[in-house]
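Letters go in sequence order (proteins before strands), and every chain restarts at 1.
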Amino acid sequence: MTRLEILKTYKLFIGGQFPRTESGRYYTLKNIKGSTIANICLSSRKDVRNAVQAARKAFGGWSERTAFNRGQILYRIAEMLEGRRDQFIAELQLQGIVKSKAEKEVEIAIDRIVYYAGWCDKYNQVLSSVNPVSSSHFNFSVNEPTGVVGVFAPQNTSLIGLVSLVIPVISGGNSCVILASEVLPLCAITFAEVLHSSDLPGGVVNILTGKNKELADTFSSHMDINAIVYGGDDSTSLKMIKENATSNVKRVVVQQKDWMKPDSQDLYMISDTQELKTTWHPIENIGGSSSSY
Amino acid sequence: MIDSRAIDKVGVEERVARFQTRSIKNESKLQGLKMALSMIDLTTLEGKDTPGKVKQMCYKAHHLCDMHPGLPAVAAVCVYPTMVSLAKKELEGSNVRVASVSTAFPSGQAPMDIKLMDTRFAVDHGADEIDMVISRGKFLTGEYEFVFDEIASIKEVCGKARLKVILETGELTTLDNVRKAADLAIHAGADFIKTSTGKIQPAATMQVTYTMLMAIKDYFDKTGIMIGMKPAGGISTSKLALHNLVMVKEVLGNAWLSNEWFRFGASSLANDVLMQIIKSETGAYQSPDYFSID
């Protein structure tokens, strides 16, 4: 007897679980030849709300982890992704990417996670400062995570764009809600399975699939999202996002790079979703030169 | 002897499940939310309560959201007896009432004369409402007359203050017991029956509230006397509050849809309702960052 193939149901990733969209809607993903690959959840405003709630709940615990521990967990994500290389390569091919390119994309993604894992317990040393002031204060600035970040993954890649945007956000102690690529959504959900098995606390990363046009308004007007990282290329959508973002002074960071290139990763992608906190600590004299540093 | 109806647990669960599937249109939802706000007993019942905390809560009670005019104030604040005079002073000139817990809240494990003194203290300091707890230990050992007499004598001390009787349903174990205790309280002179102290889980589940609403309904059908209902503990979201309002409307009718006859005992519900109201008016999901701390 021939075996019946078991196909994967692509669902959302919210609060460490895999629910379907509360709306019950879906869209059909087709390959170039026009045959159906999978039905993909078409997320609604309420899914965004639920995901933000989960992200907010997870934020405190995640941002309070030691920097070293966050680095360890990020490294673990890379380990898990390494173990699933073949699955991702096959999935990228399913979405129409040629094998050699797919292999390269997964490799770069793994290496990029390791790169940011290394930065976790180092970025604050590099980005912080001791500031000279003309009074008897020890004045210093440190980086703190912005909070809940909304991430619009680039449309033209399935895995590498999403990884490149999300990993620096969480390495800096933020939690996030991601809207996956509408046209290439498969790897986003499979990447959620990687996160799920990586000691990353549930809710730190939440992944939705659906229409950018439909949800951009909800994301950008949501008062409990503190920053938006926009990796898309729709200028009308971006304009609206920027306008809505003024309601609670969200940071809007636009990231459009060729994510396959090695120089598309850097420390400043972490500082993009950090807030600088400056402390004035009253003190008499430090050092030889009276009060200033 | 009061004859209490036996409870069909499966039937209760099915009926309760149906209250949660009503589709409420936006306009009705907004009205429901405002109604829920006006029914809240803003509560602080902690060992660590300070005059400062009570003052702040009283301010919140009648200034729920200054940036948003036209919202109702909450029904009452609920505090310990020692805080009554302070709350009374803070709320002078507003129509927010002051409710005080009494009878050795939350355990109720104290001699009768202390419970009476506790209540008298609160009433003398100006409490408009008294939230008493029943002796669950006595109830569970079958000393119903003790519990009945206890409620009746507290009611006597209350004078003009309205009496809410807390059954602490989380400790009564079965819905049959809840019904029996509700009937007992109603017959002994309760003006309101209330589910829980908020210190025990589970607190105000919809099953328990439904059972108590049915006791109120049966009593009303028999005597024509209205008794109020106050679910307390665990109702922290607007959605749950709306489900409760649907249930009250469908079980008891419109007459109970006012803060004279229905209350929510809650501390974090108010902010969630405010956030929902502003969400439904602006379309943007709100953040607790922009609302007062509970």
Portion of A:T218 that has a non-hydrogen atom of chain B nearer than 4.5 angstrom: side chain

Atom CG of A:D224 and atom CE of B:M275: how far apart are they, to the nearest 0.5 Å? 6.5 Å

Would you say that more than 12 heavy atoms from the other residues, nucleotides or ligands in this model lie under 6.0 Å from the NE2 of A:H196, or not? no

Report, as yes or no, whether the 6.0 Å neighbourhood of atom NZ on B:K239 holds more than 12 heavy atoms from other residues, nucleotides or ligands. no

Could you tell me the separation between the NE2 atom of A:H222 and the OG atom of B:S287, rounded to the nearest 0.5 Å? 8.0 Å

Separation of A:N248 CG from B:D289 CG (nearest 0.5 Å): 8.5 Å

Heavy-atom distances under 4.5 Å only: say whether A:N244 touches chain B with side chain, backbone, both or neither. neither

Counting only heavy atoms not in A:R20, do more than 12 fall under 6.0 Å of its CZ? no

Evaluate whether atom CZ of A:F18 has more than 12 neighbouring non-hydrogen atoms of other residues, nucleotides or ligands under 6.0 angstrom away. yes

May I ask you to check whether over 12 heavy atoms, not counting those of B:E27, lie within 6.0 Å of atom CD? no

What one should report as the nearest heavy-atom pair of A:S221 and B:A284 is O-CB, 3.2 Å

Please test B:Y285 against A:I225 for side chain to side chain contact (heavy atoms under 4.5 Å, CB included), starting from the C-alpha separation and ending with a verdict. CA-CA 9 Å; B:Y285 287 113; A:I225 293 183; over 6 Å; no

For B:E129, enumerate each residue passing the side chain to side chain donor-acceptor pair (under 3.5 Å) test, keeping only those at least two apart in sequence or located in another chain. B:K164, B:R263

